[in-house]
*Asks:* 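Questions regarding the structure given below will be posed in turn.
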Amino acid sequence: MTKTNSKDAVSEAKERVLLGLNPRQVEAATHVEGPLLILAGAGSGKTTVLTRRVAYIIASGWEPWSILAITFTNKAANELKTRIAALLGEQGEGVWAMTFHSFCARVLRAEFPGIGRSGRFSIADDSDQLKVMKACLKELNLSEKQYPPRGILHAISNAKDELMGPDEYAARASTFYETKVAQAYSLYKRKLLEMDALDFDDLLMETVLLFRGNPRILQKYQERFQHILVDEYQDTNRAQYELTKLLAASHRRIAVVGDDDQSIYTFRGADIRNILDFERDYPECKVVKLEQNYRSTQVILDGAFNVVKHNLERKDKRLWTSKKGGLPITVYAGQSAEDEARFVVSEIERLVGEGLPLSSCAILYRTHAQSRSFEEAFINAGVPYTVLAGFRFYERKHIRDAVSYLRLLAYPKDRLSLERVANEPPRGLGPAAIEKIVRYAQEQDVGLVDAMCSAESIKGLTRPQKKGALELGTALMEMRRAASSLPLGQLLHDTLEKTGYLEALRNEGTSESQSRLEDLSELMGSLRQYDEMENPLYSFLENCSLASDQDSYDEKKESCVMGTLHSAKGLEFEAVFLVGLEEGLLPHSRALLDERQLEEERRLMYVGMTRAKLRLYLTFAFARNGYLGPTRTRVSRFISEIPRELLEVRTWED
DNA sequence: GTTCCAATAGTTTTT
DNA sequence: CTATTGGAAC
């Protein structure tokens, strides 16, 4: 430690860091030695505590870079970074605040080369996974009807969450179906390896395996990170749990923050045992409960509590606030989805008229599909809105095409990107031709771009195919050479120009293609931020794989926010509209049969309600258009769990 | 083998 | 309502 501060200066710094915290929060921020479990209710100042804790650790003389703060979303990580910077200035620089997945990717890229594996793997997203799995099923002669690819992927994902490899899975398979899954798992893994790709679950699992199998590497990270902080601990799965356990094993300075009532990711393997086992794994751990809420009115908290208390599997606790009373919770019964949307939008306009900023209003729903009627109502009313992770920017076809072109420059074996891009624009390179190129590349042990450059010597390609492949290959080769000397935006532009992608889009001449071109220039412009980084191309691609759209959500923008209940976690608004509160939507129809899933739906409701600071609206429609005709609906059971005296009921007839 | 068009089936939540 | 699949024409 290089600090030469006197004792007084240190304690003064510590005091300043704790300014304005309540006694429980102080406990959580200052318990620096030894494990700590913080049970932080909604709106209890969790991020504040995390930030102050980091500051306190630094004020105690630790170096910033000895702190690792792990979150679930990039948004949460960025928020943490911003708040640390605001509190500490450059003193806080060097703290690692990132998601589980980016941490793992970073470790693997750094350590894989040392153990003879590629550190330049690409990261496979959902649609990549689906494609690979379909190819696997085809190869195994399994029909997609009997073996739905998504279902198989889900099973594999579960296995990986539990750190189970294909062999172990096969050994445990008891049903016929499971033996088939095991075969698919094994082949799927081989295929990913072949194209040097890892999926999201692999990132976690491979990191745990790396640490387990290489004690010296693990030791390096243990020594580097003397303090581990984990946010949203209730949402960790077994692999994530194991990872943090390994990292903290030598020094046991690990602090986790969680709230069992806000556990809404069990479908992704989140395991509530991780909170319970924490006290077992670290018997000396200190437990701090944060129950004072700084966000909502008492009425909103009472409403939310009365819903969530119906769950049997929960730790007993109850939030309280010094803000007594509050406006009643408004329940609106609409006659149709359109009527519901009309009400919500006109109510928002009324609130804005009273001086509430538009950006502090939010509409939350259970499924993405529900956004439609609200978007229409907003457009009709001329009110600006932002959809959280709706149709993700990065999931739009042309954006993915563009990214795939860049991926081909960076990842020589990225077969999926080639498949995306080879015939976009049409070059006569269909699946069969691609197969030949890939095989050639494998046989010659060269990258796909190099293979295309020697298209002349690939057997079985027709003349025009050779020409197409050669053109594409040389264009990409040229861009790859130029990659390090061009700004990233320019690189993308030139790549799309040379490969004829932009030209094809321009020639289309529809309004659709026009807006696509605009999207692409937006993308090119946004790439500027990467130019200062060490390796712009790789940094961008990494971000692209690991980032979602809500990460870039800008709360200052003057527009109403809407999104799924899941995407709303960690956010807060003056006015919240929980919409579509009907049996089958919330709780979702897929959850009705299973008590545990039903409890998760209830927690979703709880998370939604506790986003509201001042006003809470619960709305539903008596009839809703399904994909075939209008259907009558039933009001969500969760509404009836709220005491009548907290509610003010309105209908379309009022 | 590729391209294009029509029918068809499928819609939870996310890093 | 819309992404995807399967079939028929080039």
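First the proteins, then the strands, lettered A, B, ... as listed; each starts at 1.
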*Asks:* What contact category does A:A433 fall into here, base, sugar-phosphate, or nothing, at under 4.0 angstrom with non-hydrogen atoms?
*Replies:*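 A:A433: backbone/sugar contact only, no base atoms under 4.0 Å.
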*Asks:* With a 4.0 Å cutoff (strictly under), does any side-chain N or O of A:R366 reach OP1 or OP2 of B:dT12?
*Replies:* no
*Asks:* Return the stacking result for B:dT13 and A:F267: yes when the ring centres lie under 5.5 Å apart and the planes under 30°, no otherwise.
*Replies:* yes
*Asks:* B:dT11 C1' sits how many Å from A:R372 CZ, rounded?
*Replies:* 13 Å
*Asks:* I need the CD-C1' distance between A:E582 and B:dT12, as an integer number of Å.
*Replies:*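 About 15 Å, once rounded to whole Å.
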*Asks:* Quick one: OG on A:S636 to CZ on A:R602, what's the gap to the nearest 0.5 Å?
*Replies:*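 Spacing of OG (A:S636) from CZ (A:R602) equals 9.0 Å.
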*Asks:* Rounding to the closest angstrom, what is the interatomic distance between C:dT4 and B:dT13 at atom C1'?
*Replies:*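 Per the computed distance, 22 Å lies between those C1' atoms.
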*Asks:* Within the structure shown, what part of the strands sits under 4.0 Å from A:A432 by heavy-atom distance: base, sugar-phosphate, or nothing?
*Replies:* sugar-phosphate
*Asks:* With respect to the side chain of A:H368, which nucleotide from B:dG1, B:dT13, C:dT2 is positioned closest?
*Replies:*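 My answer, after comparing the listed nucleotides, is B:dT13.
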*Asks:* Reading DNA chain B from 5' onward, which residue's closest nucleotide shows up sooner: A:I434 or A:S102?
*Replies:* A:I434
*Asks:* For nucleotides 4-7 of chain C, which of its nitrogen or oxygen atoms have a protein nitrogen or oxygen under 3.5 Å away, and what is each distance?
*Replies:*
{"from": "C:dT5", "atom 1": "OP1", "to": "A:K134", "atom 2": "NZ", "distance (Å)": "2.2"}

*Asks:* Give a yes or no on whether A:Q335 atom CD has more than 12 heavy-atom contacts from other residues, nucleotides or ligands under 6.0 Å away.
*Replies:*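 Result for CD/A:Q335: enclosed.
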*Asks:* State, without any angle test, whether A:N311 and A:Y606 hold a side-chain donor-acceptor pair at a distance under 3.5 Å.
*Replies:* no
*Asks:* Strictly by modelled atom types, are A:S373 and A:E338 linked by a side-chain donor-acceptor pair under 3.5 Å?
*Replies:*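 No pair is found: no donor N or O on one side chain lies under 3.5 Å from an acceptor on the other.
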*Asks:* Describe the nucleic acid contact of A:E600 in one word from base, sugar-phosphate, nothing, applying a heavy-atom distance below 4.0 Å.
*Replies:* nothing
*Asks:* Rounded to the Å, how far apart are A:L429 CG and B:dG1 C1'?
*Replies:*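 These atoms are roughly 11 Å apart.
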*Asks:* Pick base, sugar-phosphate or nothing for A:F100, based on heavy-atom distances below 4.0 Å to the nucleic acid.
*Replies:* nothing
*Asks:* Which range-with-range stems can be found for DNA chain B when each stem has 3 or more Watson-Crick or G-U pairs in a row and both distances sit under 3.5 Å?
*Replies:* B:1-9 with C:2-10
*Asks:* Let me spell it out: for each of A:D201 and A:T367, pick the nucleotide of DNA chain B with the closest heavy atom. Which residue's pick is nearer the 5' end?
*Replies:*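 Checking each residue's closest nucleotide, the 5'-ward one belongs to A:T367.
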*Asks:* A:Y365 and A:H566: ring-ring contact (aromatic ring centres under 6.0 Å, His included), yes or no, with the steps?
*Replies:* CA-CA 9 Å; A:Y365 36 74; A:H566 285 88; over 10 Å; no
*Asks:* Which nucleotide in the list C:dT2, B:dT15, B:dT3 gets nearest to the side chain of A:N423?
*Replies:*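 In terms of side-chain proximity for A:N423, the closest of C:dT2, B:dT15, B:dT3 is B:dT3.
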*Asks:* Looking at B:dT12, I'd like to know if its phosphate oxygens (OP1 or OP2) sit under 4.0 Å from a side-chain N or O belonging to A:T564.
*Replies:* no
*Asks:* Nearest whole angstrom, please: distance from the P of B:dT13 to the OH of A:Y606.
*Replies:* 24 Å
*Asks:* Start with the C-alpha distance between A:Y411 and A:F121, add both sets of side-chain angles, then the distance that settles ring-ring contact (aromatic ring centres under 6.0 Å, His included), and finish with yes or no.
*Replies:* CA-CA 7 Å; A:Y411 309 128; A:F121 53 83; 8.1 Å; no
*Asks:* Verify the neighbour count for atom NE2 of A:H310: are there more than 12 heavy atoms of other residues, nucleotides or ligands below 6.0 Å?
*Replies:*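 Check passes, neighbour count above 12.
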*Asks:* Would the distance check show the side chain of A:E583 and the main-chain N or O of A:R637 forming a donor-acceptor pair, the cut-off being under 3.5 Å?
*Replies:* yes
*Asks:* Between A:T99 and A:S102, is any side-chain donor less than 3.5 angstrom from a side-chain acceptor?
*Replies:* yes
*Asks:* Starting the side chain at C-beta, find the nucleotide from B:dT3, B:dT15, B:dT2 nearest to A:P426.
*Replies:* B:dT3
*Asks:* Rounded to the Å, how far apart are A:L364 CG and B:dT13 P?
*Replies:* 14 Å
*Asks:* May I have the step-by-step check of salt bridge (charged side-chain N to carboxylate O under 4.0 Å, His left out) for A:K138 and A:E144, ending in yes or no?
*Replies:* CA-CA 8 Å; A:K138 204 165 181 189; A:E144 289 187 15; over 6 Å; no
*Asks:* Atom CD of A:Q129 to atom C1' of B:dT15: distance rounded to whole Å?
*Replies:*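 So the two atoms are 10 Å apart, to the nearest Å.
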*Asks:* Does B:dT12 have its OP1 or OP2 closer than 4.0 Å to a side-chain nitrogen or oxygen of A:Q370?
*Replies:* no
*Asks:* Looking at the side chain of A:R150, which of B:dT2, B:dT14, B:dT11 is the nearest nucleotide?
*Replies:*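 Nearest listed nucleotide: B:dT11.
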*Asks:* Can you tell me how far C1' in C:dT5 sits from the matching atom in B:dT12, rounded to whole Å?
*Replies:*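 C:dT5 and B:dT12 have their C1' atoms separated by 23 Å.
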*Asks:* Specify the separation, in whole Å, of atom CG of A:L598 and atom C1' of B:dT12.
*Replies:* 14 Å
*Asks:* Could you tell me whether the side chain of A:H588 has a donor or acceptor atom within less than 3.5 Å of a complementary atom in the base of B:dT12?
*Replies:*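 Such a pair does not exist between side chain and base.
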*Asks:* Compute whether any side-chain donor of one residue and acceptor of the other, for A:S127 and A:R400, lie under 3.5 angstrom apart.
*Replies:* yes
*Asks:* Measure CZ/A:R463 against P/B:dG1 and give the value in whole Å, please.
*Replies:* 17 Å
